[in-house]
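Since this is a predicted model, take the numbers as computed values, not measurements. Note on naming: letters A, B, ... go to the chains in the order of the sequence lines (proteins, then strands), and numbering restarts at 1 for each one.
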Amino acid sequence: MNAHFALLALPLPLFSEFSYLIPPSLAGKIQVGSLVEVEFKNRRLLGWVVALQEESPPGLEIKEILRLAPVAPLSAGGLLWTKILSQLYLTPWGMMLSFFTPALLPSFWDSAGKRVFSGSHTEASEESFSIPPQGMNFFVFQEKFGRKKKKWEKLIKNGVLRREEETLEVAETTYPRKDSGWWSIATRKERESFLLSFVEKMQEENRKALLVFPDFRALDYFTSFVENQFPQLRVIKYDSRLASRRRFLAYKLAEEGDFDLILGTRGSIFLPARDLYYHVVFDPEDKGHYSDRPPFHDTFRLLHEKVKIKGGSLEVVGITPSLSMYHFLSTQEFRKRDFPVLSRASAPPVNLISYEKKWGSSLTFSVRKAILQVLNEKGRVLIWVQKRGYTPALGCRDCGFYYVCPHCGVAFRYYKETRSLICPLCGKKEEIDLFCPRCGGVWLEGWGEGVEKVGEEMKKAFSHQQVVVIDSEKEGEAEEPLSSSILVGTSLLLREEILQGASLLVIWSLEDWLYLPDINAKEEFYLSLQRIQALLGLASPVPPRIFIQGRKGMEKEMSQFLQPPRDFYPPLLEKRKILGYPPYEVLARVVKRYRNRGKDELVLRKLKSSLEEKGIEVGGPFPAQGRKWGEESEEITIHYTRERAEEVFNVVSQFFSREGKRKGEWRIEVEF
DNA sequence: AGCACGCCGACT
DNA sequence: GTCGGCGTGCTC
């Protein structure tokens with residue numbers, strides 16, 4: 001069979017693929033899964049070949065493929081993986097595939113397209129290049145032995161080295177068994193001993209592994225640990241800090257299977273790692289594992305889909321299972337792994353302190369007393385505050401006016417030092433007025449307490465102590481906050497190094513956590529509390545304690561958060577089952593930003609009815625909640641079972657290739 | 001997405 | 001008289 005055309009998935013937000021002509025020079029070289037460069041609307045793009053075609057679509061002038069990229073084609077399994085992901089996340093295939101596309105600088109093409117071998121002329125040269133019998137990619141060779149163009153050309157001429165065109169074949173390994181597990185391991189020390197036994201096991205079995213961490217800090221720490229413990233291992237460390245050359249080297253080594261272990265952050269899961277059996281994800285709920293753009297996919301779910309298709313194992317390491325992991329454990333999709341934990345004597349005691357009515361500061365007498373006591377014992381105090389900035393809102397004392405972001409419809413957050421307002425959803429900045437813009441009143445005041453304000457209050461209340469505020473924005477700056485005696489901060493405080501050295505943690509106001517609109521807020525708070533209980537004060541000289549301040553009458557609500565997972569999760573899961581929410585069903589939101597309200601509403605309704613024609617449940621249109629575009633946008637919500645994901649994808653993609661080109665912005669978010 | 005083509009306002 | 005705004009259409 002001789003295909004003349006290739007169907008390409010290009011990195012465009014379009015739900016369609018494009019046909020290109022295979023030039024005679026590339027006939028037979030291009031296969032399904034190849035990466036090629038083409039011209040598209042006066043630009044050059046890299047696209048993956050998703051099918052070969054005998055015929056071209058009629059009535060079109062088809063352009064030629066310009067060149068074949070010097071990387072191995074994606075395997076059938078790999079292609080299927082990306083296809084399934086694109087369907088699940090209602091994202092164009094080419095957009096999903098673009099995560100897997102290496103950044104190829106112009107200078108890489110030539111060398112990466114060639115391969116070197118030891119030549120027949122085995123001159124006892126002053127240097128020996130340990131080139132394996134199967135040869136070495138020339139790009140890799142130059143990264144290992146230096147980019148010395150003249151020298152290599154000479155050696156090739158002499159016959160010391162032999163260089164050929166690289167022919168890259170599909171390397172597909174699938175493992176028959178899927179075997180995934182959950183490990184509950186809290187501390188770094190314990191995770192080190194987990195890694196010791198894990199790497200030993202992996203070596204015994206002669207298998208390769210990928211370890212994915214949520215941030216650079218953890219990655220750096222465990223990479224140097226592994227490298228010190230196992231100096232003979234071939235380790236690839238991969239994260240977004242790599243320069244392009246090193247990044248592509250990692251890509252090539254992974255592709256070639258020239259590694260034993262890959263350690264990386266989120267992006268490392270897209271490497272074409274050959275013969276990978278083990279996938280280990282640390283702290284899967286951490287924000288670092290989530291893409292920051294719609295559809296917000298994450299390491300855990302991506303790898304979970306991978307092992308479903310290609311086999312192997314997905315091992316998840318965390319402190320407490322999340323709601324979805326708890327569900328997977330009860331359905332046996334994941335198995336609970338046992339690890340000998342050097343368990344702590346007992347979790348720190350939790351004290352609930354209620355205030356009747358807030359005026360000024362929320363600092364209660366009991367908490368103040370506890371803080372003084374800890375300071376007296378030379379312990380460190382952490383104050384955990386939910387809101388960032390100075391106050392979560394700024395308004396007029398006289399008329400009740402408060403500043404609202406014009407396009408998100410939520411209160412602006414107030415920052416005192418800069419006298420500025422920032423929208424917590426879209427980041428829009430505004431200056432504040434001298435007088436109330438509505439009534440001209442002179443008293444503008446902040447409502448509620450953010451970290452900065454609490455910090456200010458603590459400085460006043462404990463004026464002889466060093467109080468440091470950690471707001472997420474200044475993460476990098478205050479590298480050594482550990483020396484202060486009182487630390488006030490948002491969730492950034494919950495880092496292991498900070499928690500373990502502290503003797504007292506105060507949750508400033510419980511209601512700030514419980515009355516969040518987000519459906520996942522409860523779970524997030526629960527996991528944070530579990531984390532605190534596991535790590536607080538492990539290295540503190542004083543037995544650690546937890547104080548929670550909350551409005552009177554919240555005791556009952558609080559007590560649920562002190563339950564173990566087997567009591568905390570089932571009612572939440574039951575509720576989600578009834579509502580058709582994840583993890584039972586897929587929940588997709590299609591948000592449309594309006595320009596012309598009347599017309600645009602019709603367009604959303606049209607999508608809704610074409611889904612309903614297929615018997616798929618759709619809610620809305622509602623005013624869009626939560627993220628950006630608040631008031632000028634509407635959304636529909638789609639519920640469906642996993643089995644119908646492909647069907648929904650087809651309806652949505654058809655809809656968008658017809659109607660999506662209409663003016664206006666869309667966004668799609670999916671949870672499952 | 002990106003880029004060209006097209007039709008209306010303030011400018012050397 | 002032109003530069004340039006972004007609304008609209010299209011991409012193998």
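Distances shown here put a side-chain N or O of Lys63(A) below 4.0 Å from the OP1 or OP2 atom of dC12(C).
Counting non-hydrogen atoms under 4.0 angstrom, Leu14(A) reaches a base of the nucleic acid. Within 4.0 Å (heavy atoms only), Tyr20(A) reaches sugar-phosphate atoms of the nucleic acid but no base atom. Residue-level contact check: Glu17(A) touches neither bases nor backbone, having no heavy atom under 4.0 Å from any strand.
Asn42(A) has its CG atom 10 Å from the C1' atom of dG2(B), to the nearest Å. In this structure, Met95(A) atom CE and dA1(B) atom C1' are separated by 7 Å, rounded to whole Å. The nearest whole Å value for the distance from the CD atom in Glu64(A) to the P atom in dT11(C) is 19 Å. Rounded to whole Å, atom C1' of dC12(C) lies 10 Å from atom CD of Gln53(A). In this entry the distance linking CG of Leu12(A) with C1' of dG2(B) reads 9 Å, nearest Å. Atom P of nucleotide dA1(B) and atom CD of Glu39(A) are separated by 21 Å, given to the nearest angstrom. With rounding to whole Å, Phe656(A) atom CZ is found 18 Å from dC10(C) atom C1'. Residue Ile30(A) contributes atom CD1, which lies 17 Å from atom P of dC12(C) at whole-angstrom precision.
Under 3.5 Å, the side chains of His297(A) and Arg266(A) contain a donor-acceptor pair of N or O atoms.
If you take CG on Leu52(A) and CD1 on Ile22(A), they are separated by 5.5 Å, rounding to the nearest 0.5 Å.
At a threshold of 4.5 Å between non-hydrogen side-chain atoms, the residues His289(A) and Phe300(A) do not count as touching.
Using a 4.0 Å cut-off between charged side-chain N and carboxylate O, Lys252(A) and Asp258(A) make no salt bridge.
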